[in-house]
Amino acid sequence: MSRNLLKGQCLCGAVKITVRDPAGWVGVCHCDMCKRWSGAVFSSFPAKDVTVAGAVETYQSSPTSTRSFCPKCGSHLYMQDAGEPNYDMMPGLFDATRDWPLTSEIYTDHALCWAHLAGPHKRATQNEYEAEYPSPMGDKP
Ligand SMILES: [Zn+2]
Ligand SMILES: [Zn+2]
């Protein structure tokens, strides 16, 4: 049985990442931590079966989550929740994610004023999101 392999890399190529059977969609978070870490608009997709080759630096951004990046070029790679094997992977590392749809946008009331993302995806403010999920992506904004 053939499996869907997604291959990507950081800007300098020192880190190469392979994801098996990727989600095929992207979510955006505008919380203050994600905004600061990304520089403007943070997006990610969930991944479980991940192979990372190359040295990675990891920053503990909250008691429950870490954010990893390439120590050479600074490219952001992924977030992880402590004790969970799941990754929130940066889609821009992978050419093949270009056509993936945006399915959810959270913390819309924290977005930069020009960051209006078009489409029929789900949207939630901080209050709406935290009513459903007390700890967004393992972080507090
Ligand atoms: Zn790099
Ligand atoms: Zn966030």
Side-chain angles (χ1 to χ4, degrees), residues 2-141:
S2 72
R3 303 189 75 187
N4 188 7
L5 273 187
L6 184 69
K7 289 173 185 284
Q9 64 172 55
C10 66
L11 181 60
C12 75
V15 179
K16 298 207 177 344
I17 299 178
T18 304
V19 180
R20 283 184 189 276
D21 300 325
W25 54 266
V26 171
V28 160
C29 181
H30 297 288
C31 85
D32 293 346
M33 291 184 73
C34 288
K35 195 165 58 181
R36 186 158 277 131
W37 193 52
S38 70
V41 176
F42 172 98
S43 67
S44 68
F45 67 90
K48 280 187 178 156
D49 193 344
V50 174
T51 305
V52 179
V56 168
E57 191 76 40
T58 295
Y59 172 67
Q60 180 99 37
S61 57
S62 81
T64 57
S65 68
T66 58
R67 297 176 187 245
S68 297
F69 55 96
C70 171
K72 191 174 176 191
C73 70
S75 293
H76 297 159
L77 305 170
Y78 49 82
M79 274 186 71
Q80 283 180 291
D81 284 342
E84 284 187 26
N86 300 345
Y87 294 73
D88 288 314
M89 194 66 72
M90 306 289 105
L93 304 170
F94 308 88
D95 293 340
T97 63
R98 187 167 185 275
D99 298 325
W100 289 10
L102 173 64
T103 59
S104 101
E105 188 181 1
I106 59 174
Y107 288 78
T108 52
D109 50 332
H110 289 253
L112 297 175
C113 73
W114 48 261
H116 298 293
L117 303 176
H121 58 277
K122 281 174 32 178
R123 293 172 174 85
T125 63
Q126 177 175 4
N127 285 343
E128 289 166 345
Y129 185 76
E130 290 183 359
E132 212 171 333
Y133 303 98
S135 181
M137 300 173 88
D139 279 339
K140 284 280 176 220

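Every number for a ligand or one of its atoms is a count from 1 in the order of the listing. As a basis for the values below, the full set of heavy atoms in this structure was taken, side chains included, without hydrogen atoms, waters or symmetry mates.
Rounding to 10 degrees gives 110° for the angle at the Zn ion (ligand 1) between SG of C12 and SG of C70. Rounding to 10 degrees gives 110° for the angle at the Zn ion (ligand 1) between SG of C73 and SG of C10.
Of the N and O atoms on the side chains of Y107 and E130, at least one donor lies less than 3.5 Å from an acceptor on the other residue. A donor-acceptor contact closer than 3.5 angstrom is absent between the side chains of T125 and T108.
At least one N/O/S atom of C31, from backbone or side chain, sits under 2.8 Å from the Zn ion (ligand 2).
Evaluation of the ring pair (Phe, Tyr, Trp, His ring centres under 6.0 Å) rule for F45 yields F94, W100 as partners, not counting sequence neighbours.
For K16, the NZ atom counts as densely surrounded, since its 6.0 Å shell holds more than 12 non-hydrogen atoms of other residues, nucleotides or ligands.
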